[in-house]
Amino acid sequence: MNTDEKKNKHFIEKIIEDDLANGRVPGGEIVTRFPPEPNGYLHLGHAKSIILNFSLAEQYGGRCHLRLDDTNPEKEDMEYINAIQSDIRWLGFDWGDHLYHASDYYQQLYEIAVSLIKENKAYVDSLTPEQMKEYRGTLTQPGKNSPDRDRSIEENLRLFEEMKEGKHPEGSYLLRAKLDMASPNLNLRDPALYRIKFAHHPRTGDTWCIYPMYDYTHPISDAIEGVTHSICTLEFEDHRPAYDWATSIDHIDHTPHQYEFARLNINYTVMSKRKLLFLVKNKLVDGWDDPRMPTLVGVRRRGYSPEALNMFIARVGVAKVESVVDFALLEFCVREDLNKRAKRVMAVLKPLKVTVTNYPEGETELIEVENNPEDPGAGTRKIPFSRTLYIEQEDFMEVPMKGYRRLFPGNEVRFKGAYYLTAQEVVQDEEGHVIEVLCTYDPESRGGTTPDERKVRGTIHWVSAAHAVEATVRLYDKLFLTENPGERTGNYLDDINHDSLVTLTECKVEPSLVQSTPGEYLQFMRNGYFTLDTSDSSPESLVFNRTVTLKDSWTRKKGQ
RNA sequence: UGGGAUGUAGUGUAAGGGUAACACAGCAGUUUCUGGUACUGCAUUUAGGGGUUCGAAUCCCUUCAUCCCAGCCA
C-alpha cells in the first residue's frame, strides 16, 4: 500500500487497508457490525455508527451485520427492535441475511461459561452489590479478592447450574471472570459474566433467568459472526482489554479487534437515549418521532432526507477527538440536498389580502411556473391568478425601511411568475392595521417580464384567494436554547426552548398541494423547506412541517 | 493524587520532516423571476515551554488542559 493511497483516509480506513495489505483479514473479507441495544429509538449518533460500519463494508467489499444487542430484557422491547430495522433501511443500508441477536448465542455463551468454570477461569460469587462495590476498590486503590474466589470448580458448576435453573433469587449470585482484582483498569477487576434476572425477554421469553453481560457477550458474538473490525465509541476504550480477554479464550477460533472512534455530538441538542426517553415519557415532545427530536424517526418526519444525513456524516469525519459539531452543518447538508430535489410551491404563511383593482372581476388565468429551477427535468405546473390574492404580511410595508425591496406604496414588484404589480393604497381596520393592499398590474408584464425590459427589485410569492387551500403549518426551531444543554444549571431541561414549535393555522397554499404526499420534499418559495406531516395531516386538513428555513441574509441585515 | 485517551481557524476534518489546508459558520461583493441557488473575495489556526534538525503540526522531553472508567447497563 503506497502512502498516496492513504491520503485523506480516516484512521479506521487506514487500519483496514493495512490489515488487508498484510494478510490479517481472513479470506480478505472485512466484516463489521452495527450492534444497537433495542432499548430506544435510533438517533443521529447512531447514524454515524451505522453509516461508518455499513459503508466501510461496502467500500472494501465486505459485509456488515445488524446485531441487536439484547442482553438486558428489563429495558429492551420488540417495538425498538422493529423500529431500528426500519430506520437503518431508511438510511439506505441493507444487512442482507445477516440479521442477528445476541440472544441467538445464549446457549453457546452458556456452554462457554461452563467451560470457563471448569478451567478455573470463572467463579460464582455471592457478594451483595454493596459488598461488590467495596471489594472492587477505587480508581486509586486496588480491589481485593472475594472470599468466593477460591470456591471449588465443582461447587461453582453446581451453583451456576442452579442459577440457570432459577433456584436462586436475583442478586444472590453472580458469575465472574477470574482476572485481576488489583488491575488499574477497573474493567478487569473480575468482571461480571452472568447475572440472575427473572425478566421476560422479548425474544427468548422465559427460557432463561440468567443473562450474560456486555463485556462477555459482545466480543464473543463478534467472534462467532466472524467480525473482523469491531468499531465502537471511545468510552469502550477501557473495555478493550476485557474484549481481548474474551476473544482469546479457548472455544473461540476467530479473533476480532475493537477500534474506537469519537461519538457524534451536535450542539443545541441532546443525544442520550436516557434524556430522549425522558422527553418522550414526560410529553415534552410529541413522541420519539417528534420533528424536533434528533431521532431518525424524528428528523425523517421533519423532512430531512437520508441523502442529507449521509452527506452530513461524511463531512463530520471520523476521528478520536471528542468534538461537538455545529447544528448549522447539519442544516447546510439538508438545504444542499433539498435545494436540488424539492418541488417549489407557493404558500403564504401569514396572509395579507391584495386586490388588483384593474384586473377583471371574476376572471382566472393559469400561470405556468417551473417546479424546480435547479432541475429543468422537474417540469412545470400551472397555478391560478385572479383579482384577489394573498401575499405574506412581511412582504408589504406601508413605510418601507432602508433597503426594503418588496411591496410598498408606489413600488412595483414582480409577483413570481405572474405580473408586475404596484401598490397604490392601503385599507386599514379601525385600529390602523393594514388589512388589504390595493394594487394595479401591468397587463404587458405577464409571465414576469415586460416588453420594455424594465427591472424590478423585488419578486414575491402569492396565492389566489379564491383557489387557495387552507393549511396548518408547523414551524420548528431548535429544541434547546443553549449550545450545550444543561451546562449552566446542570439540568438540560432548564434549557428547553419553549418556542420550538409555532403552529400557524389558516395559511394559504396553492391548490396543487392537496395532492402532496408524505415524504415529498417541498420548498415553500422564499420561506423554507417543508413536508407533509405523516401523522396529523389529511386531505381535508393539511398539516405541513418546516424542515429547515431557507438561508436568509435579509432578516439578519434587518436585525442589525 | 490509579489507568486509558485526546489537544490544528469560531466548529469539524486534512497535511505522516519540506509553503498549514478543505468544509461549515462569519464578513464583504457579483449574478439572479426565490434577499434562495451559483460565483468571487476577506478575516481567523498547530495548547504552553524546551530540545533534535538546514527545516517540526509531524520526532524527543516536559508542563498544562479536556474527556472516559469505581452498574449485577450497554
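Quick note on labels: first sequence line is chain A, next is B, and so on, each numbered from 1.
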* **Integer-rounded Å distance: B:rG35 P and A:R526 CZ** => 5 Å
* Asked: What do you reckon, is CZ of A:R488 surrounded by more than 12 foreign heavy atoms closer than 6.0 Å?
  -> no
* Structure fact -> Whichever of A:R240 and A:Y214 has the more 5' nearest nucleotide on RNA chain B, that residue is A:R240
* Tell me the partner of B:rG26, counting only Watson-Crick (N1-N3 plus N6-O4 or O6-N4) or G-U wobble (N1-O2 and O6-N3) with both under 3.5 Å; none if nothing fits. => B:rC42
* **N or O in side chain of A:K133 less than 4.0 angstrom from B:rC72 OP1/OP2** => no
* Asked: What does A:H239 touch in the nucleic acid at a heavy-atom separation under 4.0 angstrom: a base, only the sugar-phosphate, or nothing?
  -> base
* Would you please confirm or rule out a distance under 4.0 Å between OP1 or OP2 of B:rG26 and any side-chain N or O of A:R556? => yes
* **Base B:rG3 to side chain A:D238, donor-acceptor N/O within 3.5 Å cut-off** => yes
* Tell me: CG of A:L186 to P of B:rC72, nearest whole Å? -> 11 Å
* To do: Determine the contact category for A:Q523: base if any of its heavy atoms lies under 4.0 Å from a base atom, sugar-phosphate if only primed atoms, P, OP1 or OP2 are that close, otherwise nothing.
  => base
* **Distance in angstrom units between A:D148 CG and B:rC72 P, rounded** => 15 Å
* **Whole-Å distance separating the CD atom of A:E453 from the P atom of B:rU32** => 12 Å
* Short side-chain N/O contact to B:rG36 OP1/OP2 from A:S553, under 4.0 Å -> yes
* Qualifying residue for side-chain contact (heavy atoms from CB on, under 4.5 Å) with A:L264, from A:L44, A:V324, A:T233 -> A:L44
* Return the value, rounded to whole Å, for the distance between atom CD of A:Q131 and atom C1' of B:rA70. => 16 Å
* Regarding A:K320 and the six-membered ring of A:F261, is the cationic atom NZ or CZ under 6.0 Å from the ring centre and inside 45° of its axis? -> no
* Asked: Using a cut-off of 4.0 Å on non-hydrogen atoms, how would the nucleic acid contact of A:F524 be classed: base, sugar-phosphate, or nothing?
  -> nothing
* Asked: Considering only side-chain heavy atoms of A:N187, which listed nucleotide, B:rU37, B:rC73, B:rC69, is closest?
  -> B:rC69
* For atom C1', what is the distance between B:rU53 and B:rG2, given to the nearest Å? -> 38 Å
* Give A:N72 one of three labels, base, sugar-phosphate or nothing, depending on what nucleic acid heavy atoms sit under 4.0 Å from its own. => sugar-phosphate
* Side chain of A:A328 (C-beta onward), nearest among B:rG36, B:rG35, B:rA25 -> B:rA25
* **Steps toward side-chain hydrogen bond (donor to acceptor under 3.5 Å, both in side chains) verdict (A:R33, A:H218)** => CA-CA 11 Å; A:R33 101 271 91 111; A:H218 196 84; 2.7 Å; yes
* Asked: According to the Watson-Crick and G-U wobble definitions, with both distances under 3.5 Å, which nucleotide is paired to B:rU58?
  -> none
Tabulate protein N/O versus nucleotide N/O from nucleotides 7-13 of chain B, keeping only pairs under 3.5 Å, one per line.
from   : atom 1 : to     : atom 2 : distance (Å)
B:rG10 : N2     : A:D326 : OD2    : 3.4
B:rU11 : O3'    : A:V324 : O      : 3.1
B:rU11 : O2'    : A:V324 : O      : 2.9
B:rG12 : OP1    : A:V324 : N      : 2.9
B:rG12 : O5'    : A:V324 : O      : 3.3
B:rG12 : O2'    : A:V316 : O      : 2.8

* Phosphate oxygens OP1/OP2 of B:rC69: is one of them under 4.0 Å from a side-chain N or O of A:R136? -> no
* Which part of the nucleic acid does A:P36 contact within heavy-atom distance under 4.0 Å: base, sugar-phosphate only, or nothing? -> nothing
* Are OP1 or OP2 of B:rC73 and a side-chain N or O of A:R195 less than 4.0 angstrom apart? -> yes
* Contact class for A:F332 (heavy atom, under 4.0 Å): base, sugar-phosphate, or nothing? -> sugar-phosphate
* To do: Report yes or no: is the cationic atom of A:K478 (NZ for Lys, CZ for Arg) under 6.0 Å from the centre of the six-membered ring of A:Y268, at an angle within 45° of the ring normal?
  => yes
* To do: Provide, to the nearest angstrom, the distance between the CG atom belonging to A:D552 and the P atom belonging to B:rU37.
  => 10 Å
* Would you indicate what A:E374 reaches in the nucleic acid, counting non-hydrogen atoms under 4.0 angstrom: base, sugar-phosphate, or nothing? => base
* Heavy atoms under 4.0 Å, any strand shown: does A:L188 hit a base, just sugar-phosphate, or nothing? -> nothing
* A:D125 to A:S146 - nearest heavy-atom pair and separation -> OD1-OG, 2.9 Å
* Structure fact -> Testing B:rG4, B:rA25, B:rU34 for proximity to the side chain of A:K551, the answer is B:rA25
* Considering only atom C1', compute the distance from B:rA9 to B:rA20 and round it to an integer number of Å. => 11 Å
* Which one is paired to B:rG71, where only Watson-Crick or G-U wobble pairs with both distances under 3.5 angstrom count? -> none
* For B:rG17 versus B:rA23, give the span between their C1' atoms, rounded off to a whole number of Å. => 27 Å
* Heavy atoms under 4.0 Å, any strand shown: does A:K197 hit a base, just sugar-phosphate, or nothing? -> sugar-phosphate
* **N or O in side chain of A:T71 less than 4.0 angstrom from B:rA74 OP1/OP2** => yes
* Contact class for A:Y194 vs. all strands (heavy atom < 4.0 Å): base, sugar-phosphate, or nothing? -> nothing
* Around A:E394, counting heavy atoms of other residues, nucleotides and ligands shown, do more than 12 lie under 6.0 Å from its CD? -> no
* Looking only at non-hydrogen atoms, find the nearest pair between A:Y194 and A:M213 and report the distance. => N-CG, 4.1 Å
* Heavy atoms under 4.0 Å, any strand shown: does A:R344 hit a base, just sugar-phosphate, or nothing? -> base
* Asked: Passes side-chain contact (heavy atoms from CB on, under 4.5 Å), A:L276 versus A:V270? Steps please.
  -> CA-CA 7 Å; A:L276 296 176; A:V270 293; 3.9 Å; yes
* Could you tell me whether A:T217 contacts a base, only the sugar-phosphate backbone, or nothing, with contacts defined as non-hydrogen atoms closer than 4.0 Å? => nothing
* Structure fact -> By side-chain contact (heavy atoms from CB on, under 4.5 Å), A:I460 pairs with (sequence neighbours left out) A:I391, A:D395, A:R406, A:V413, A:F415, A:R526
* **Spacing between A:F160 atom CZ and B:rC72 atom C1', to the nearest angstrom** => 13 Å
* Structure fact -> Closest non-hydrogen atoms of A:L522 and A:A342, given as atom of the first, atom of the second and distance, are C-CB, 3.8 Å
* Structure fact -> Out of B:rG35, B:rC73, B:rC68, minimum distance to the side chain of A:M213 belongs to B:rC73
* Hey, does A:G143 reach any base, or is it just sugar-phosphate, or nothing, if we go heavy atoms under 4.0 Å? -> nothing
* For B:rG4, is chi within 90° of 0 (syn) or not (anti)? -> anti
* Go through the steps to decide whether A:E368 and A:R381 satisfy the test side-chain contact (heavy atoms from CB on, under 4.5 Å), and finish with yes or no. => CA-CA 6 Å; A:E368 185 166 25; A:R381 68 186 190 290; over 6 Å; no
* To do: State the pairing partner of B:rU31; accept Watson-Crick or G-U wobble contacts with both distances under 3.5 Å, and report none otherwise.
  => none
* To do: Nearest whole angstrom, please: distance from the P of B:rG35 to the CE of A:M401.
  => 15 Å
* Under 5.5 Å between ring centres and under 30° between planes: does that hold for A:W554 against the base of B:rG35? -> yes
* Asked: Which base sits across from B:rC64 as a Watson-Crick or G-U pair, both distances under 3.5 Å?
  -> B:rG7
* With a non-hydrogen cut-off below 4.0 angstrom, is A:R406 in contact with a base, only sugar-phosphate, or nothing? -> base
